[in-house]
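Here the structure is laid out as C-alpha cells; the discussion comes afterwards.
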Amino acid sequence: MPDAVNAAASQTLTLDLGDRSYAIHIGEKLLDTAGALLMPLLKEKRVFVVTESTVMSHQGDRLKAALKSSDIEAKWFILNPGEATKSTTQFESLASSLLAAGIDRSDTIVAFGGGVIGDLAGFAAATVLRGINFVQIPTTLLAQVDSSVGGKTGINMPLGKNLLGAFYQPKAVIIDISTLETLPRRELLAGYAEVVKYGVIDDPDFFSWLENNGPQIVERGAGGANARTYAVAHSCAAKARIVAEDEREHGKRALLNLGHTFGHALEAECGYSGILLHGEAVAIGMIMALDASVRLGLANAADLERVTTHLKDIGMKISAREIGRAMTADALIVHMTKDKKVEAGTIGFVLGGIGSAAVHRGVDLDIIKAVLHDSL
Ligand code: NAD
Ligand code: GLY
C-alpha cells in the first residue's frame, strides 16, 4: 500500500470470467483515447452511444473527438439525467430508438455516464435482440468503482428499485479519472462511500490508506488525481476479484451489499429522490451495520468509532437524523422486509468489524430497531 501515491499512469485489470473475461482500463485522460481502446472490440466500425445531457455537456466533446479520430461512426442517444431515466417507459423508448436506428447483433452499445446510464444501457444491451455487445465508460466515482464493473444491469419498477434486470457483462470498462473533475462534490462524496466499503469488507490496509489519503480523493481538481486513480484501481481490483469468484451473488458478492439493507430502507423512505443519494444512504447504512455488529459482539467499538470518524471528517452524513426527514424505525424495518435480498422470509445483513464482514440472517430485529432508533 503506497504512502506517496504515484498511480497516474494508466493500467489495465482483467475481470476473469473465462471466455467472458474483460479488461478494465483505468487512467487519466483515457476518454481521449477511447476510440483506440474500442477498435479491437468492434465488429462494425460504429457504436450506439447511450448517454445523458449533463454528461454530454461536460464530457461529450471529448468522446466525440476520440471516436472521430479513430474513424468510428457514432449514433447518439442522449437521455435526461437522473434516476427517473431508469424507468420502464424510458427503457421502452430507448429500445425502440436503438431498433429504429438499425442496431443489429454485430453492433456495440457504449454506456457513457453514471450508474443510471450504465444500468439502463446495460439492460438494453442485455435484452434488445437478445443481446448486443456493450462497453461501459463510467463518469461518476460511484460508477467507476462499483456499478460499471460486474455486470449488474437493470431498471426500476413502480414497485421498487432495480426490480427488472439481468446479469450481463460488458466487453470492456474504460475509466477516465479526469472525468471526475466536473462531477459535483456531493456526487464525489457519495461515490466515496462505495470506496470505503471495500476497505471495511475485507481490506483493513486499504481502509487505513483511505484514512490518510481520503481527503485528496474527494477534493475536486487535478491535485487528487493520483490518489483517485489509486483508489479507483484498488476498488476495481477488489470488485473484479469478488465477481470472478461469485458472479451471480450466491456467496461472497453479497458482501458488496454492506450498508445496503439499511441504506435501501433509507432511500425508499426518502422516495429515491435527491434528498438522499445512493452513496449517502450506503454511508449511513455502513455505520448502522457496524453499530449492530458491536451490539451483537461481531465488531469492536473501536472499529465503529474509526469508520464514523473517517466518514464524518470527509464530510459525509453519518446518521439518519442528519437527512432531515421524519421517519420511524418501524417504517424502515418494513422496507427491509421487502428488500430484494430477503431469502425465505429472513433479512440478510452484512455485519462484522473492519475487514471481517460476513452475511448474517436471523438477526434479532429488536437490536436492529435499537440501532435505527439511535440513528434517527
Ligand atoms: P447518476 O448516474 O445519476 O449520476 C449522478 C449525477 O452526476 C447526475 O446528475 C449526472 O448527470 C451527473 N454526472 C455524471 N457524470 C458526470 C461528470 N463527469 N461531470 C458532471 N456531472 C456528471 O448516479 P450514480 O451515482 O453514478 O449512479 C447511481 C445509480 O447506480 C443508481 O440507479 C443505482 O441503483 C445504480 N447502481 C448500480 C450498481 C450496479 O452494480 N449495477 C451499483 C451501485 C449503484
Ligand atoms: N453493487 C453491488 C454488486 O455489484 O454486487
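Just so you know, ligand 1 is whichever comes first in the structure, and atom 1 is the first atom listed for that ligand.
Judged by distance alone, the side chains of Asp176 and His25 never bring a donor and an acceptor atom under 3.5 Å apart. Using a 3.5 Å distance cut-off with no hydrogens or angles, the side chains of Gln59 and Thr182 do pair a donor with an acceptor. A donor atom on one side chain and an acceptor atom on the other are not found under 3.5 Å apart for Arg62 and Thr179.
Evaluation of the side-chain hydrogen bond (donor to acceptor under 3.5 Å, both in side chains) test over residues 94-123, restricted to residues two or more places apart or in two chains, returns Glu44-Ser106, Arg46-Asp107, Lys86-Asp119, Asp104-Ser106. Residues in residues 254-281 take part in these salt bridge (charged side-chain N to carboxylate O under 4.0 Å, His left out) pairs, two or more places apart or across chains: Arg186-Glu280.
Under the 6.0 Å cut-off for aromatic ring centres, His335 and Phe262 do not qualify, their centroids lying 6.0 Å or more apart.
Proximity of Val55 to Pro81: side-chain heavy atoms (C-beta onward) are nowhere separated by under 4.5 Å. Contact of the His264 side chain with the His278 side chain is registered, since non-hydrogen atoms from C-beta on lie closer than 4.5 Å.
A salt bridge between Arg241 and Asp246 is absent, with no side-chain N of the basic residue lying under 4.0 Å from a carboxylate O of the acidic one.
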Mind listing the N or O contacts between ligand 2 and protein, cut-off under 3.5 Å?
unit_1	atom_1	unit_2	atom_2	d
ligand 2	1 (N)	Asp146	OD1	2.9
ligand 2	1 (N)	Asp146	OD2	3.2
ligand 2	4 (O)	Lys239	NZ	2.5
ligand 2	4 (O)	Arg253	NH2	2.8
ligand 2	5 (O)	Lys152	NZ	2.9
ligand 2	5 (O)	Arg253	NE	2.7
ligand 2	5 (O)	Arg253	NH2	3.4

Inventory of protein N or O atoms under 3.5 Å from ligand 1 N or O:
unit_1	atom_1	unit_2	atom_2	d
ligand 1	2 (O)	Gly115	N	3.2
ligand 1	2 (O)	Val116	N	3.1
ligand 1	11 (O)	Glu52	OE1	3.3
ligand 1	11 (O)	Glu52	OE2	2.8
ligand 1	15 (N)	Thr139	O	3.3
ligand 1	15 (N)	Thr139	OG1	2.8
ligand 1	18 (N)	Thr139	O	3.1
ligand 1	18 (N)	Thr179	O	3.0
ligand 1	18 (N)	Thr182	OG1	3.4
ligand 1	19 (N)	Thr182	O	3.3
ligand 1	19 (N)	Thr182	OG1	2.7
ligand 1	26 (O)	Gly115	N	2.7
ligand 1	26 (O)	Thr140	OG1	2.6
ligand 1	27 (O)	Gly115	N	3.2
ligand 1	32 (O)	Glu83	OE1	2.8
ligand 1	32 (O)	Glu83	OE2	3.1
ligand 1	32 (O)	Lys86	NZ	2.8
ligand 1	32 (O)	Lys161	NZ	3.4
ligand 1	34 (O)	Lys86	NZ	3.1
ligand 1	34 (O)	Lys161	NZ	2.8
ligand 1	34 (O)	Asn162	ND2	3.4
ligand 1	41 (N)	Asp119	OD1	2.9
ligand 1	41 (N)	Lys152	O	2.9

